[in-house]
Asks: 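I have a structure here, written as structure tokens, and I will follow up with some questions on it.
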Amino acid sequence: MRSRTIAVLGGGVGGLTAANELRRRLPAAHRVVLVEKGAQHAFAPSFLWLMTGDREPNQICRPLAGLPRRGVELVQAEVLGIAPALRKVSTSAREIGYDYLIVALGADLAPDAIPGLAGAAHTFFTFEGAAKLRDALATFPGGCIAVVVSAMPYKCPGAPHEGAMLIAEHFRRRGLSDKVRIHLFTPETQPMPVAGPRLGEAVRGMLQSKGIEFHPLHKLSAVDAGTRKLTFDNGLQFGYDLLVAIPPHRAPKTVVEAGLTNQTGWVPVDPHTLAANQGGIYAIGDIAAIPLPGRWKPDVPLMLPKAGVFAHAQAIVVAENIAAEIAGRPSRAAFCGDGYCMLEAGGDRAGFAFGNFFAQPSPDVRLREIGKAWHLGKVLFEKWWLAPPGLRRTSIGWVMKAGARIYGIPMTL
Ligand SMILES: Cc1cc2nc3c(=O)[nH]c(=O)nc-3n(C[C@H](O)[C@H](O)[C@H](O)COP(=O)(O)OP(=O)(O)OC[C@H]3O[C@@H](n4cnc5c(N)ncnc54)[C@H](O)[C@@H]3O)c2cc1C
């Protein structure tokens with residue numbers, strides 16, 4: 001049997017899962033090489049709890065070296081180039097030849113894409129940003145907070161709404177609710193439009209119950225940090241005291257330079273197999289552009305949102321299909337578009353949105369009643385995600401599986 005090399009680029013949600021799932025399925029003769037530039041692996045959903053002071057930085061990240069399964073070759077290096085024609089990747093450590101390539105490099109944040117944004121805004125979309133925002137919230141005396149989704153697409157369609165609600169809850173706990181006004185701006189037509197109108201209405205209700213003013217159809221065009229003013233494409237100017245932004249996202253430069261992206265700026269893939277249109281290459285997670293069947297805005301297809309839950313499920317599909325192909329078995333795994341999200345509402349309560357994003361004519365995503373169980377589910381998921389591979393199959397994993405079964409959630413663990 002010829003030994004194959006599968007190179008996985010990016011050790012975030014998708015890449016780490018793909019590398020571990022490949023290692024679990026493949027005989028030791030085949031190499032699984034995981035390339036990641038960061039030494040720490042942070043759990044992004046917990047950035048929100050870092051921002052509110054409910055987590056310390058060391059509670060939501062782990063040294064990456066402890067997370068891959070034994071037998072995964074971890075290369076701590078930056079990916080500098082991808083040469084699909086030569087089946088080679090160059091990194092800051094060494095060159096890696098591959099038979100299969102899984103690109104899971106995520107999305108870069110690009111605050112520089114909007115004039116004035118970079119120097120003016122806080123963000124809970126990065127580990128460092130969330131830690132800094134925690135300090136800013138702790139000393140904020142009161143006033144107007146603008147939470148702004150600055151451009152589409154962005155990862156985790158629920159996160160801006162959760163962030164706004166957790167900020168509201170933070171000030172309620174401090175007895176400052178009367179002194180703080182929170183406004184949420186977005187270019188979208190409703191909260192989480194890709195998840196359909198029913199979910200949008202439910203999230204709008206959650207925001208209203210927290211006293212958050214929701215402003216759809218506002219696309220940020222500039223920020224003036226001196227006068228603390230936002231300017232939107234529709235001409236509105238808005239004064240703020242504290243600005244919290246979800247910065248624009250873009251694909252990492254190396255992926256664009258390799259010619260893997262299309263006019264969407266992301267890597268087009270088959271929606272079910274995640275195969276890119278170059279031999280042996282797959283793209284999963286935030287880097288992938290997956291059109292939603294039958295849905296257009298007005299002449300551009302709507303894309304599957306960027307979320308860890310999808311990166312995770314896609315990684316398992318790709319690992320299964322590559323392992324099957326190497327073993328000469330028929331490949332049957334297909335990504336089906338199911339997704340879920342525990343939507344933190346503050347006060348240790350969360351909603352749970354679950355459904356199929358490929359459903360036609362519109363996605364069938366529902367919000368289950370807000371309660372403590374969903375918040376607990378998110379906490380358990382955090383513990384499970386950050387556990388070393390050996391521990392995942394013990395107590396936390398079993399509790400998660402039992403919970404998922406009780407609530408009828410087809411969760412892939
Ligand atoms: C605040 C917040 C809350 C969120 N909450 C949720 C949630 O509740 N549920 C959910 O499903 N999703 C959530 N998400 C989204 C989720 O985190 C992402 O969708 C998910 O991480 C995408 O996985 P990925 O593997 O595509 O990318 P990532 O996890 O971002 O991994 C990409 C990796 O590639 C590495 N990399 C990039 N460029 C290079 C390079 N040149 N060389 C080497 N390495 C490189 C990066 O360091 C990174 O580790 C949230 C995100 C944020 C910011």
Side-chain angles (χ1 to χ4, degrees), residues 7-19 34-52 60-61 64 67 74-82 89-93 96 102-109 123-130 133 147 153-163 166 244 246-247 249-258 266-267 274 282-288 290 304-315 318 338-344 350-354 357 374-375 377-379 381-382 385 411:
V8 183
L9 308 185
V13 174
L16 188 58
T17 306
L34 175 63
V35 188
E36 165 60 49
K37 64 181 176 186
Q40 294 287 319
H41 177 89
F43 185 64
S46 304
F47 293 172
L48 292 159
W49 292 326
L50 181 60
M51 166 188 83
T52 54
I60 66 163
C61 60
L64 178 67
L67 297 177
L74 176 62
V75 179
Q76 196 91 63
E78 183 164 3
V79 176
L80 300 175
I82 304 167
V89 172
S90 55
T91 79
S92 53
I96 299 162
I102 302 178
V103 183
L105 291 169
D108 283 352
L109 299 185
T123 188
F124 51 78
F125 259 52
T126 63
F127 181 80
E128 296 76 18
L133 179 53
V147 180
Y154 61 93
K155 53 187 154 186
C156 192
H161 313 89
E162 290 180 287
L166 290 184
V244 180
I246 286 75
H249 290 30
R250 64 177 160 226
K253 204 166 111 227
T254 35
V255 181
V256 180
E257 286 171 355
W266 307 93
V267 183
L274 291 311
Y282 297 81
I284 58 173
D286 292 352
I287 191 82
I290 303 180
L304 184 76
K306 302 185 183 304
V309 63
F310 296 130
H312 186 181
Q314 291 162 4
V318 170
D338 278 352
Y340 57 86
C341 163
M342 287 92 161
L343 204 69
E344 281 292 297
F352 182 75
F354 167 67
F357 284 75
W374 304 121
H375 166 75
K378 194 154 188 166
V379 173
F381 195 91
E382 174 199 47
W385 184 261
M411 207 177 246

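Please read these numbers as outputs of a predicted model, since none were measured by experiment. Indexing begins at 1, ligand by ligand and atom by atom, following the structure's order.
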Asks: Is the Tyr340 ring parallel, tilted or perpendicular to the Phe352 ring (thresholds 30°, 60°)?
Replies: parallel
Asks: Check ligand 1 against Phe124 and write out every atom of the ligand that is under 4.0 Å from a heavy-atom position of the residue.
Replies: 1 (C)
Asks: Using 0.5 Å steps for rounding, measure from the CE atom of Met51 to the OG1 atom of Thr123.
Replies: 10.0 Å
Asks: Just to verify, what does Glu257 make a side-chain contact (heavy atoms from CB on, under 4.5 Å) with, not counting sequence neighbours?
Replies: Lys253
Asks: May I ask you to check if ligand 1 and Val79 share an N or O to N or O distance below 3.5 Å?
Replies: yes
Asks: Of Val35, Thr123, Leu105, which has the heavy atom at the shortest distance from atom 36 (N) of ligand 1?
Replies: Leu105
Asks: Should His249 and Asp108 count as side-chain neighbours, where that means a heavy-atom distance under 4.5 Å?
Replies: no
Asks: Could you tell me which atoms of ligand 1, counted from 1 in the order shown, lie closer than 4.0 angstrom to a heavy atom of Lys378?
Replies: 8 (O)
Asks: Could you pull out all residues at least two apart from Ala44 that satisfy side-chain contact (heavy atoms from CB on, under 4.5 Å)?
Replies: Phe47
Asks: Consider every N or O of Gly308 and every N or O of ligand 1, then say whether any pair is closer than 3.5 Å.
Replies: yes
Asks: Against heavy atoms of Ala311, which atoms of ligand 1 measure under 4.0 Å?
Replies: 23 (O)
Asks: May I ask you to check whether Val13 has an N/O atom sitting below 3.5 Å from an N/O atom of ligand 1?
Replies: yes
Asks: Identify which one of Val309, Ile102, Leu304 satisfies the side chain to side chain contact (heavy atoms under 4.5 Å, CB included) criterion when paired with Gln314.
Replies: Leu304
Asks: Where's the contact between Cys341 and ligand 1, heavy-atom distance under 4.0 Å: side chain, backbone, both or neither?
Replies: neither
Asks: So for ligand 1, is Asp286 a polar contact partner (N or O within less than 3.5 Å, distance only)?
Replies: yes
Asks: Is there at least one pair of N or O atoms, one from Lys37 and one from ligand 1, spaced under 3.5 Å apart?
Replies: yes
Asks: Could you pull out, from Lys253, Glu36, Gln76, the option with a heavy atom nearest to atom 48 (C) of ligand 1?
Replies: Glu36
Asks: Looking at every heavy atom in both Ile96 and Ala7, which two are closest together, and how far apart are they?
Replies: CG2-CB, 4.3 Å
Asks: In terms of atom number and element, which parts of ligand 1 are under 4.0 angstrom from non-hydrogen atoms of Gly285?
Replies: 26 (O)
Asks: Which option wins on minimum heavy-atom distance to atom 13 (C) of ligand 1: Ser46, Ala288, Cys156, Ala18?
Replies: Cys156
